[in-house]
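Notes follow once the structure below has been shown.
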Amino acid sequence: MQWEKLLSTQRLGMENEPPRPDDRTEFQRDYDRLIFSAPFRRLQNKTQVFPLPGSIFVHNRLTHSLEVSSVGRSLGNDVSRLLLQNHPWLHGTHLSELGSIVSAACLAHDMGNPPFGHSGEKAIGTFFSEGAGQWLKDYKCDETGDSLTAAQWEDLIHFEGNANAFRLLTHHFNGRRKGGFVMTYSTLASIVKYPFTSDMAGKKAKFGFFRQDQSNYEIIAEKLGIRKLDSPDGSVQYCRYPLVYLVEAADDICYEIMDIEDAFKLKILTEDETKDALLGFFAGEQREHILNRLQTVQDKNEQVVYLRSVAINCLEGECVRVFVENEEKILAGEFEGSLIEHMSEPVRDAYARCVSLSYKKIYRSKNVIDIEMAGFKVISELLDLMTQAVTHSDKAYSQLLINRVSSQYDILAPTLYGRIMAVIDYISGMTDVFALDLYRRINGIAIFE
């Protein structure tokens with residue numbers, strides 16, 4: 001893969017239209033288009049890890065995405081500066097705009113996630129694989145005989161927020177022009193962490209695009225020169241687009257370090273546990289310098305804020321180094337794993353200790369588990385009701401439910417797969433509060449509120 005081809009300002013759905021005269025670059029326009037959009041705004045009421053809201057303000061999907069975008073911009077700018085030093089002949093390309101591309105992609109990376117955090121994501125997949133939606137696998141429509149293909153079923157049982165983000169940005173929903181958000185090819189390619197179809201999802205249930213949206217990724221990949229891999233079994237797989245590594249690193253850095261800070265604020269982690277975790281990235285004179293600086297800060301919360309900032313800076317620098325040193329492998333599609341996994345051993349070990357601490361103390365805490373259980377219940381029941389409605393649309397109660405859905409969703413699409421995907425679009429786009437409110441109204445709990 002070549003930088004000259006990988007970085008394009010061409011927009012999906014506007015291939016034949018010239019760029020608008022504007023002081024902003026095309027990638028800055030991507031950023032602005034995202035940040036002013038309704039789906040991005042709704043992230044403020046979607047759970048990141050801890051329940052919302054509360055007297056202590058922790059991260060939601062919106063604040064997380066903004067912070068990831070900030071770290072992503074730094075990663076992109078630093079990588080760009082170093083690559084241009086190594087390849088001065090690329091000064092006339094868009095390589096200097098890596099920071100803008102990565103920051104825009106980071107804004108969008110969680111826009112496809114459903115309500116109630118990662119449990120909401122899992123609830124959708126397991127509704128079909130082991131829950132009340134299993135009957136749909138062998139269901140045939142009475143009128144048309146239409147049913148789900150094996151590939152389409154894989155999409156449903158492996159529902160993935162990353163694939164759903166790509167769908168949200170590119171799918172032609174009712175009332176929206178072709179190309180969805182009409183983003184640049186480079187920004188769209190940067191959010192697809194797993195560039196293959198759902199039949200390759202495996203146990204981790206990760207994939208990059210639904211079958212209905214596969215052609216959009218293929219258009220982008222061909223234009224940018226993303227290398228396609230051989231798949232004798234008929235599945236579709238590409239090499240990772242290089243900037244995906246920077247988006248992934250920004251996300252990994254932020255959610256791990258910021259979750260530790262939030263856990264300290266909520267008293268899930270003690271002061272000593274928090275400081276030990278964040279100081280673990282440093283040794284020798286550097287550690288002594290940080291400890292000396294720490295003594296000048298009196299407030300305990302501000303001490304943690306300082307430690308969080310230097311830890312993020314350390315991780316950001318390491319990821320930049322790994323990317324630049326492995327540029328050749330990344331462009332050849334031969335780099336394996338994430339940037340985090342290739343950091344220097346002391347930093348990598350410190351990050352691993354943070355991950356271990358998070359799983360032991362944070363992700364298994366009562367508050368987190370409670371929101372996950374509630375999310376499973378709410379999303380599973382909404383999916384059950386809506387899939388019954390779109391497959392039996394002649395029934396009176398089905399009509400009531402269908403009329404509740406916004407017209408942008410093609411809830412009565414001509415195919416069974418299209419109708420179920422429209423249901424998933426509708427439910428995954430909800431905020432936590434909207435999903436809970438709809439659940440209560442349907443169950444007669446909040447009729448007069």
Side-chain angles (χ1 to χ4, degrees), residues 43 47-50 56-76 78 102-103 106-107 109-110 113 117-118 193 245-283 286-287 289-291 293-294 297 299-323 337-365 367-368:
L43 293 177
T47 299
Q48 174 65 15
V49 172
F50 300 104
I56 298 173
F57 286 92
V58 293
H59 289 81
N60 54 39
R61 288 280 179 189
L62 182 74
T63 51
H64 168 71
S65 297
L66 290 168
E67 288 171 350
V68 173
S69 181
S70 177
V71 173
R73 182 184 293 108
S74 296
L75 287 166
D78 289 348
V102 175
S103 65
C106 287
L107 274 189
H109 83 283
D110 267 355
N113 282 63
H118 290 293
K193 292 170 67 175
Y245 289 102
L246 300 180
V247 175
E248 178 183 53
D251 188 27
D252 288 347
I253 290 169
C254 285
Y255 80 70
E256 193 55 61
I257 303 303
M258 300 312 300
D259 284 355
I260 287 175
E261 182 183 353
D262 282 348
F264 168 72
K265 291 179 181 178
L266 293 169
K267 302 188 186 307
I268 294 172
L269 294 180
T270 66
E271 180 184 345
D272 287 343
E273 287 174 326
T274 305
K275 289 181 177 180
D276 286 347
L278 298 178
L279 280 168
F281 292 97
F282 310 100
Q286 191 177 24
R287 184 184 178 97
H289 173 73
I290 291 170
L291 287 170
R293 286 286 303 273
L294 206 60
V297 182
D299 185 82
K300 301 297 183 185
N301 287 318
E302 288 303 313
Q303 289 180 349
V304 171
V305 167
Y306 170 67
L307 290 175
R308 175 258 293 163
S309 68
V310 293
I312 287 178
N313 187 61
C314 170
L315 288 164
E316 192 265 347
E318 274 291 290
C319 287
V320 169
R321 179 189 62 78
V322 172
F323 187 98
S338 66
L339 299 181
I340 295 277
E341 292 170 324
H342 291 266
M343 295 187 300
S344 62
E345 188 174 347
V347 179
R348 189 174 66 247
D349 289 347
Y351 185 86
R353 288 193 294 271
C354 287
V355 172
S356 177
L357 178 65
S358 295
Y359 275 100
K360 288 178 182 177
K361 291 291 190 78
I362 299 174
Y363 306 139
R364 294 177 183 174
S365 68
N367 288 342
V368 173

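These numbers come from a predicted model, not from an experiment.
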- [ ] Mind jotting down which residue pairs meet the side chain to side chain donor-acceptor pair (under 3.5 Å) criterion with at least one end in residues 305-323? Sequence neighbours excluded, please.
- [x] Glu261-Arg308, Glu318-Arg321, Glu318-Ser344, Arg321-Glu325

Open item on the list: To the closest 0.5 Å, what do you measure between CG (Leu315) and CG (Asp252)?
Closed with: 9.5 Å

- [ ] Compare every heavy atom of Gly280 with every heavy atom of Ala350, then report the nearest pair and how far apart it is.
- [x] CB-O, 3.2 Å

Open item on the list: Quick check against the 3.5 Å criterion: does Gln286 have a side-chain atom that pairs as donor or acceptor with the backbone of Ala283?
Closed with: no

TODO: Dump the intermediate steps for side-chain contact (heavy atoms from CB on, under 4.5 Å) on Gln303 and Lys275, then the final yes or no.
DONE: CA-CA 9 Å; Gln303 289 180 349; Lys275 289 181 177 180; 2.5 Å; yes

Task: Atom pair CD1/CD1 of Ile268 and Ile260 - distance to nearest 0.5 Å - done: 12.0 Å

- [ ] May I ask you to test the Val304-Glu271 pair for a side-chain heavy-atom distance under 4.5 Å?
- [x] no

Task: Ile340 side chain reached by Ile253 side chain, heavy atoms, under 4.5 Å - done: yes

Task: Heavy-atom closest contact (Ala277 atom, Cys354 atom, distance) - done: O-SG, 3.7 Å

TODO: Enter the distance from Ser70:OG to Leu107:CG here, rounded to the nearest 0.5 Å.
DONE: 10.5 Å

Task: Validation row: Asp110, Tyr255 side chains within 4.5 angstrom (heavy atoms) - done: no

Task: Contact summary for Gly337 and Tyr245, nearest pair of heavy atoms - done: O-CE2, 3.4 Å

Task: Closest non-hydrogen atom pair, Phe282 against Leu278 - done: CE1-O, 3.6 Å

- [ ] Start with the C-alpha distance between Glu248 and Leu339, add both sets of side-chain angles, then the distance that settles side-chain contact (heavy atoms from CB on, under 4.5 Å), and finish with yes or no.
- [x] CA-CA 8 Å; Glu248 178 183 53; Leu339 299 181; 6.0 Å; no

TODO: Kindly indicate whether the side chain of Leu75, heavy atoms from C-beta on, has any atom under 4.5 Å from the side chain of Val320.
DONE: yes

Task: Gly76 versus Val102, closest heavy-atom pair with distance - done: CA-CG2, 4.4 Å

- [ ] Start with the C-alpha gap between Leu357 and Ile362, add the side-chain angles, then the distance that decides, and say whether side-chain contact (heavy atoms from CB on, under 4.5 Å) holds.
- [x] CA-CA 7 Å; Leu357 178 65; Ile362 299 174; 5.8 Å; no

Task: Where Ser65 and Arg61 come nearest, the two heavy atoms and their spacing - done: OG-O, 2.8 Å

TODO: Write out all pairs satisfying side chain to side chain donor-acceptor pair (under 3.5 Å) with one or both partners inside residues 350-361, taking only residues at least two apart or from two chains.
DONE: Glu256-Ser358, Glu273-Lys361

Task: SG on Cys314 to CD1 on Ile257, rounded to 0.5 Å - done: 9.0 Å

TODO: Take Thr274 and Leu307, measure what side-chain contact (heavy atoms from CB on, under 4.5 Å) needs, and give me the verdict at the end.
DONE: CA-CA 9 Å; Thr274 305; Leu307 290 175; over 6 Å; no

Open item on the list: Just verifying a value: how many Å separate Asp262 CG and His64 NE2, rounded to the nearest 0.5 Å?
Closed with: 11.0 Å

Task: Flag side-chain contact, heavy atom, 4.5 Å: Ile312 against Met258 - done: yes

